Participant: 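What follows is a structure written as structure tokens; I'll ask about it next.
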Amino acid sequence: MVTPSAPTEPSGVALLPVSQPLDLAATLQSGQAFRWRPQGEAWSGFLGSEPVSLRQVAAGVEVRSADGARDAMLEALWRYLRLDDDLPAIYRRLRRDPLLVESVDRHSGLRILRQDPWECLVAFICSTQSNLPRISRTQEAIADALGSVTTLDGVVRSAFPTPEAVAGAGEERLRALGLGYRAAFVARTAEAVASGTVDLEALRSAPYADARVRLMALHGVGEKVADCVLLFSMEKLESFPIDRWVRRAVEERYFGGRTVPYATLASWAMETFGPAAGYAQQYMFYGRRLERRGGPPPGP
DNA sequence: CCACGGCCTGATTC
DNA sequence: AGAATCAGGCCGT
């Protein structure tokens, strides 16, 4: 137990046992989440608005948090890491495709996350014509400027701000944080979410196609961004986000190098991989990143 | 329904 | 070195 009189929030540790394949480092650095920072052997970040530190050990994942012993924290982490997915079954499906065999074998334990939809939405609106380091930078800048400050074991970080806080900040303030032309998109989307024009939680339980249409009605959200948000935060594992690299790989391998519309590629993925399409995309994307960088990604 | 130019910003390329 | 070019697209025409 912790001592409540300490000046800084005392932390507790709990173990989440994991028997499923899990590569925590790869998962947190695979371009779906943008606020996990290496901290020695551990990773500093947030589960919702709770600051946590995660460390992979043989038996599973150690979670350090202000209330680390609570079952609710372990449950939250379980959900975040999608340990409810049956990865071996998904791998069997992916391995039917020669394009994926090597990537799946080499990066076993790379998982799709179940993130907070709002934070995920902002991140991917900011992802257009950008790159991983810059997306991380802007997410962090938004949190630092508008989120509430937290402390965990002396590490000071800010939680990601609410839609109301971002809407209140306005376009110019966001632009000053380095969002560029995306500032207007984020501002307008924040207003839509804050005012209840869009209910992100409701989209979570809506069918893929319906949720997708709703998301794409938001400014700055096209097919690719919508598919990312649907996959990484809204339970839609059949979603297959197609960026320029995934597009190139699939067009070269399956369409004789021809340029093919987004919808055609998406339905190809749906037919080929079914409910594992999202995982297929993740392995394609991660595979080509490594190829490009010539080594496993931790960042800069 | 498809094609195209323009867009913040910063890192890399020429 | 300073100028193009490009980056996990999207919007408007």
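Because the structure is a prediction, the values reported are computed rather than measured.
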Participant: Output one letter per nucleotide in nucleotides 8-14 of chain B: B when a protein non-hydrogen atom lies under 4.0 Å from the base, S when only the sugar-phosphate is that close, - when neither is.
Facilitator: BBS----

Participant: For atom P, what is the distance between B/dA11 and C/dC10, given to the nearest Å?
Facilitator: 24 Å

Participant: Please answer whether the main-chain N or O of A/Pro161 pairs with a side-chain N or O of A/Trp118 as donor and acceptor at a distance below 3.5 Å.
Facilitator: yes

Participant: Just how far, in rounded Å, is C1' of C/dG8 from CG of A/Leu230?
Facilitator: 16 Å

Participant: How many Å lie between OH on A/Tyr262 and P on B/dC2, as a whole number?
Facilitator: 15 Å

Participant: With a non-hydrogen cut-off below 4.0 angstrom, is A/Gly31 in contact with a base, only sugar-phosphate, or nothing?
Facilitator: base

Participant: Between B/dG10 and C/dC11, how many Å separate the two C1' atoms, rounded to a whole number?
Facilitator: 23 Å

Participant: May I ask you to decide whether A/Asp227 forms a salt bridge with A/Arg212, counting only side-chain N to carboxylate O separations under 4.0 Å?
Facilitator: yes

Participant: With under 30° as parallel and over 60° as perpendicular, where do the rings of A/Trp268 and A/Phe273 fit, or are they tilted in between?
Facilitator: perpendicular

Participant: Round to the nearest Å and state the distance from A/Gln32 atom CD to C/dG8 atom C1'.
Facilitator: 13 Å

Participant: Donor-acceptor pair, A/Glu164 side chain versus A/Ala190 backbone, under 3.5 Å?
Facilitator: no

Participant: Tell me what A/Leu177 touches on the nucleic acid: a base, only sugar-phosphate, or nothing, going by heavy atoms under 4.0 Å.
Facilitator: nothing

Participant: Using the closest heavy atom to pick a nucleotide of DNA chain C for each, name whichever of A/Pro241 or A/Gly220 lands nearer the 5' end.
Facilitator: A/Pro241

Participant: Can you measure A/Leu121 atom CG to C/dG9 atom C1' for me and round it to whole angstrom units?
Facilitator: 14 Å

Participant: When the distance from CG of A/Leu218 to P of C/dG9 is rounded to whole Å, what number comes out?
Facilitator: 19 Å

Participant: Go nucleotide by nucleotide along DNA chain C from the 5' end; which of A/Phe232 and A/Arg188 gets its closest nucleotide reached first?
Facilitator: A/Phe232

Participant: When you check the gap from the basic side-chain N to the acidic O, do A/Glu75 and A/Arg79 get nearer than 4.0 Å?
Facilitator: no

Participant: Under a 4.5 Å side-chain heavy-atom rule over Ile, Leu, Val, Met, Phe, Trp and Tyr, are A/Phe46 and A/Phe124 clustered together?
Facilitator: no

Participant: Tell me: CZ of A/Phe185 to C1' of C/dG12, nearest whole Å?
Facilitator: 10 Å

Participant: Using whole Å, what does the distance between atom C1' of nucleotide C/dC10 and atom CZ of A/Arg212 come to?
Facilitator: 14 Å

Participant: Which whole number of Å gives the distance between the C1' atom of C/dG8 and that of B/dA3?
Facilitator: 22 Å

Participant: Students often get this wrong, so: under 4.0 angstrom with heavy atoms, is A/Val246 touching a base, only sugar-phosphate, or nothing?
Facilitator: nothing

Participant: Rounding to an integer number of Å, can you tell me how far A/Leu215 CG sits from C/dG9 P?
Facilitator: 18 Å

Participant: Quick one: do A/Arg204 and A/Glu201 make a salt bridge, cutoff under 4.0 Å?
Facilitator: yes

